[in-house]
Amino acid sequence: MHELGIVQQVIEIVSQECAGRRVRRVVLEIGKLSAVMPDAVRFCFDLAAEGTPVAGARLEIVETPGVGRCRSCGALVELLRPFGRCACDGTDLEWVSGEELKIREMEVA
Amino acid sequence: MCATCGCGRAEDTHQHADGTVHSHGHDHHDHGHEHSHGHEHDHSHPHNHSHPHDHSHPHDHDRKGETIRLEREVLERNDRLAERNRGFLAARHVLALNLVSSPGAGKTTLLERTIRDAGRELGIEVIEGDQETSADADRIRAAGAQAVQINTGTGCHLDAAMVAGAFARLKLPLRSTLLIENVGNLVCPALFDLGERAKVVVASVTEGEDKPLKYPHMFRASAVLVLNKIDLLPHVRFDVDRFLANARQVNPRQTVFQVSATRGDGLADWYGWLREQRAAA
């Protein structure tokens, strides 16, 4: 499970950015195609935040949908998994959305 | 006094001057009221309060926090280190490949055989990633190549910092080939760029044909697929065409080699590809 490592990176970045102020809320953006499970991130967050300025902060996760553009016909295809099939039967899809793994914002006291 | 709404009582239930009565636990910073001032809320978050009403009384907003936009990539540190590794390797014209697979697909055997057959020509050195033991690095050295073992302990993947650390312990001659054997795991290593030119996923015919569909992130992230142990095909139920169709569905651009690292089938093509890639590094 790599989510703990991911959460530790989040805590590290937020702890630096908050400059000693207490962090109340962290907003993460996780794409549906990012190979990171929001539930696992939630599971680790409180534990990883302990003893840091992020302790007690609320975690909000915004999930970005997966969308691919078909390289054969140019149509956009919604992707629920990291692969899919276009209406034209094409499977060569360029991902245009869904790989995000970002800290969007934080709220500090 | 309640510091958030300014009313006189801090108990759970209280009445305001405008007549509204509500009960809440006074953890104001912890739930979003429907205030009329401009929150920057362009996301949805769970509202867990149970008093749906519009406040019209003045709030004291001293306790409202400051929202700071960050827009930072979570894996930025690894990505930055990976780019540094990539630059370091490019300056030496070293071809670096990141080999990934589930445990037991035959990565180490493929490396040993590649070193014995083509090590002199390609100038191969190896970084071995395993949770424990130096057994694999010992096998690589016995095959005749320089090897550095990284033990990740409980870690389930190599990252760019570990590889940068291994550079210091390796001699990386100009125009050589660095093969990085990642921890046997088809999930986590997909996310961590090491600075390699390409990921090579090794699968074997003793695994299921549906591996590409079960672990699509890794098959998508790997430019090359090596299907190993094809010498065992007469003895196992494995439909090569179905496996390849699954792999194509996940990654139509993947270069595929079908090999037996023990008997030698298909290895000439694999060595040919390594030769081409090294010339371009």
Side-chain angles (χ1 to χ4, degrees), chain A residues 1-14 16-19 21-30 33-37 41 56-64 68 71-72 79 81-85 89-95 99-109, chain B residues 27-32 39-48 62-79 152 154-157 159 161 183 185-192 212-221 245-254:
Chain A
M1 187 174 90
H2 47 270
E3 277 82 358
L4 178 59
I6 302 275
V7 168
Q8 284 167 338
Q9 290 296 302
V10 171
I11 303 288
E12 186 182 311
I13 292 172
V14 172
Q16 284 163 7
E17 290 283 348
C18 72
R21 295 159 81 182
R22 200 170 66 78
V23 178
R24 291 177 169 182
R25 191 169 60 90
V26 174
V27 182
L28 278 189
E29 179 177 358
I30 301 180
L33 308 176
S34 69
V36 173
M37 285 171 59
V41 169
R58 194 174 67 221
L59 174 67
E60 291 173 12
I61 295 178
V62 183
E63 288 189 69
T64 334
R71 286 198 170 103
S72 308
L79 296 173
R81 299 172 296 177
F83 57 92
R85 194 178 288 276
D89 220 29
T91 54
D92 193 359
L93 307 171
E94 177 194 359
W95 289 359
E99 288 183 279
E100 297 79 2
L101 186 56
K102 263 198 305 202
I103 307 169
R104 270 202 188 166
E105 62 184 35
M106 64 176 176
E107 186 182 315
V108 291
Chain B
D27 49 340
H28 297 277
H29 51 282
D30 205 27
H31 58 211
H39 280 270
E40 267 193 273
H41 284 189
D42 54 346
H43 49 262
S44 62
H45 57 202
H47 285 242
N48 52 6
D62 284 349
R63 295 192 60 196
K64 162 94 181 83
E66 181 193 351
T67 297
I68 299 172
R69 277 201 95 73
L70 295 174
E71 299 294 345
R72 298 268 298 267
E73 296 294 333
V74 174
L75 293 177
E76 61 182 18
R77 190 175 59 180
N78 187 71
D79 291 345
T152 58
T154 56
C156 47
H157 58 266
D159 65 30
V183 179
N185 174 350
L186 277 178
V187 184
C188 312
L191 276 167
F192 292 85
L213 303 181
K214 284 183 172 168
Y215 300 95
H217 288 285
M218 191 60 93
F219 281 81
R220 163 110 188 164
N246 289 338
R248 244 187 334 269
Q249 191 185 343
V250 172
N251 187 348
R253 309 189 148 224
Q254 209 164 38

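Lettering of chains follows the sequences in order, A, B, ..., and the numbering in each one begins at 1. This structure is a prediction, so every number in the text was calculated from the model and none was measured.
- Using a 4.5 Å cut-off between heavy atoms, R220(B) contacts chain A through its side chain alone, with no backbone atom that close.
- With a 4.5 Å cut-off on side-chain heavy atoms, R72(B) and K102(A) do not count as touching.
- Neither the backbone nor the side chain of E100(A) comes within less than 4.5 Å of any heavy atom of chain B.
- For a residue to count as touching a neighbouring chain, one of its non-hydrogen atoms must lie under 4.5 Å from one of that chain's; by this rule F192(B) touches chain A with the side chain only.
- Scanning all heavy atoms of the two residues, the minimum distance from C188(B) to H2(A) falls at SG-ND1, 3.2 Å.
- What you find for Q9(A) and V74(B) is that their closest heavy atoms are CB-O, 3.5 Å.
- Within the model, atoms CD of E73(B) and CD of E29(A) stand 9.0 Å from one another, a figure rounded to the nearest 0.5 Å.
- For V23(A), no part lies under 4.5 angstrom from a heavy atom of chain B.
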Exercise. L213(B) and F83(A): side-chain contact (heavy atoms from CB on, under 4.5 Å), yes or no, with the steps?
Worked result: CA-CA 9 Å; L213(B) 303 181; F83(A) 57 92; 3.8 Å; yes
Problem set entry | Evaluation steps, side-chain contact (heavy atoms from CB on, under 4.5 Å), between I68(B) and E17(A) | CA-CA 9 Å; I68(B) 299 172; E17(A) 290 283 348; 5.6 Å; no
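- Looking only at heavy-atom pairs under 4.5 Å with chain A, the residue among R77(B), H157(B), R248(B), M218(B) that has the most is R77(B).
- Taking CD of E66(B) as the reference point, atom CE of M106(A) lies at 8.0 Å (rounded to 0.5 Å).
- Here the CZ atom belonging to R104(A) is positioned 13.0 Å from the OG1 atom belonging to T67(B), to the nearest 0.5 angstrom.
- Taking both residues in full, the closest heavy atoms of P252(B) and D92(A) are given as CG-CA, 3.6 Å, listed atom of the first, atom of the second, then distance.
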